[in-house]
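Here the structure is laid out as structure tokens; the discussion comes afterwards.
For ligands, and for the atoms within them, numbers begin at 1 and follow the listed sequence. Values reported hereafter were calculated over all heavy atoms of this structure, with side chains retained and with hydrogens, waters and symmetry mates removed.
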Amino acid sequence: MKIKWSEHITTAVNPEGYPESDLPEIAMVGRSNVGKSSVINFLLNRKSLARVGNTPGKTRQINFFNMENKLLLVDLPGYGYAKVSKKEKEKWHTIVESYLLGRTQLRLIIMILDIRHKPTKDDKLMYDWICAMGKPHIVLANKSDKISRSYFLKNINQIRKTLNIVPGVPVIAVSSKKRTGWNETWNCINEMMSDLLKT
Ligand SMILES: Nc1nc2c(ncn2[C@@H]2O[C@H](COP(=O)(O)OP(=O)(O)OP(=O)(O)O)[C@@H](O)[C@H]2O)c(=O)[nH]1
Ligand SMILES: [Mg+2]
């Protein structure tokens with residue numbers, strides 16, 4: 001898989017702002033600060049196309065990125081950041097829910113977690129919701145550079161168990177920082193979207 005070209009298309013907070021496009025979309029969901037924006041840069045081989053932040057809650061809108069005119073990667077705002085007002089949380093709900101439920105181009109959801117931590121209640125709610133929607137999904141356990149390889153399996157099993165991940169749904173250890181797990185992730189995406197990504 002070669003990715004040579006990508007660009008940021010637009011930023012939106014509601015369906016009126018979504019780009020007019022019939023390309024298939026892959027959306028990143030996950031807690032604030034787990035590395036959703038970093039994973040987009042990692043998957044697209046870019047350093048800082050999507051904005052990465054040191055303070056949680058960096059991405060508060062939906063950002064759309066075009067990959068080779070083949071698909072759009074969609075960066076959704078993160079949840080679970082404690083220092084957010086009730087009003088902000090409601091805003092998050094509206095933004096994310098309208099996208100996930102309403103966008104017909106959405107073909108695959110990538111749920112991103114921090115490989116070091118047991119999934120939270122919010123992660124469980126999110127995952128159950130993805131399952132209830134019946135959308136194809138995969139899970140990336142990011143920041144794998146932060147733990148020794150010998151813990152990968154144990155932590156991934158804990159993630160599987162806590163979220164009750166459907167058998168057959170891949171959970172892949174990646175590090176967007178060290179760029180590990182790239183081939184495995186793209187192979188998996190290709191397999192799940194094979195009808196669309198053949199060149
Ligand atoms: N060590 C390490 N740090 C990472 C990795 N991926 C992301 N980070 C760091 O984690 C922090 C958050 O990254 P973002 O990509 O902004 O996270 P996000 O999920 O988009 O966050 P929000 O936009 O706030 O929802 C930044 O300081 C990143 O540099 C990784 O694989 N390893
Ligand atoms: Mg972000």
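- Nearest residue to atom 29 (O) of ligand 1 from Val29, Asn41, Val52 is Val52 (criterion: closest heavy atom).
- Any N or O atom pair closer than 3.5 Å counts here, and Ser32 shares at least one such pair with ligand 1.
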Could you walk me through whether Asn41 and Ser38 satisfy the side-chain hydrogen bond (donor to acceptor under 3.5 Å, both in side chains) test, starting with their C-alpha distance in whole Å, then the side-chain angles of each, then the deciding distance to 0.1 Å, before giving a yes or no? CA-CA 5 Å; Asn41 291 329; Ser38 305; 5.6 Å; no
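- The aromatic rings of Phe64 and Tyr99 sit perpendicular, their planes meeting at an angle over 60°, well past the 30° parallel limit.
- Legend: residues meeting side-chain contact (heavy atoms from CB on, under 4.5 Å) with Glu88, ordered by chain and number and at least two apart, are Arg60, Val84, Ser85, Lys91.
- Under 2.8 Å from the Mg ion (ligand 2) lies an N/O/S atom of Ser37, whether from backbone or side chain.
- Residue contacts with ligand 1: Asp75 is placed with no nitrogen or oxygen under 3.5 Å of a nitrogen or oxygen of the ligand (distance criterion only).
- Residue Arg51 has no nitrogen or oxygen atom sitting less than 3.5 Å from a nitrogen or oxygen atom of ligand 1, judged on distance alone.
- Within ligand 1, the atoms closer than 4.0 Å to a non-hydrogen atom of Asp145 are 1 (N), 2 (C), 30 (C), 31 (O), 32 (N), numbered from 1 in the order shown.
- Atom CZ of residue Arg116 and atom CD of residue Gln158 lie 13.5 Å apart, to the nearest 0.5 angstrom.
- Salt bridge Asp122/Arg31: absent, no basic N to carboxylate O contact under 4.0 Å.
- Inclusion of Gly35 in the set of residues having an N or O under 3.5 Å from an N or O of ligand 1 is warranted.
- Geometrically, ligand 1 and Gly53 share a nitrogen or oxygen pair separated by less than 3.5 Å.
- Under the 4.5 Å side-chain criterion, counting only non-hydrogen atoms from C-beta, Met28 is in contact with Leu73.
- For Lys178, no heavy-atom contact with ligand 1 is shorter than 4.0 Å.
- Contacts between Asn33 and ligand 1, counted as non-hydrogen atom pairs separated by less than 4.0 Å, involve both the backbone and the side chain.
- Applying the 4.0 Å criterion to heavy atoms of Gly78 picks out, from ligand 1, the atoms 25 (O).
- No heavy atom of Pro77 sits closer than 4.0 Å to any atom of ligand 1.
- By the 4.5 Å heavy-atom criterion applied to side chains, Met133 and Ile109 are counted as neighbours.
- Here the side chains of Asp128 and Lys124 are in contact, with some heavy-atom distance below 4.5 Å.
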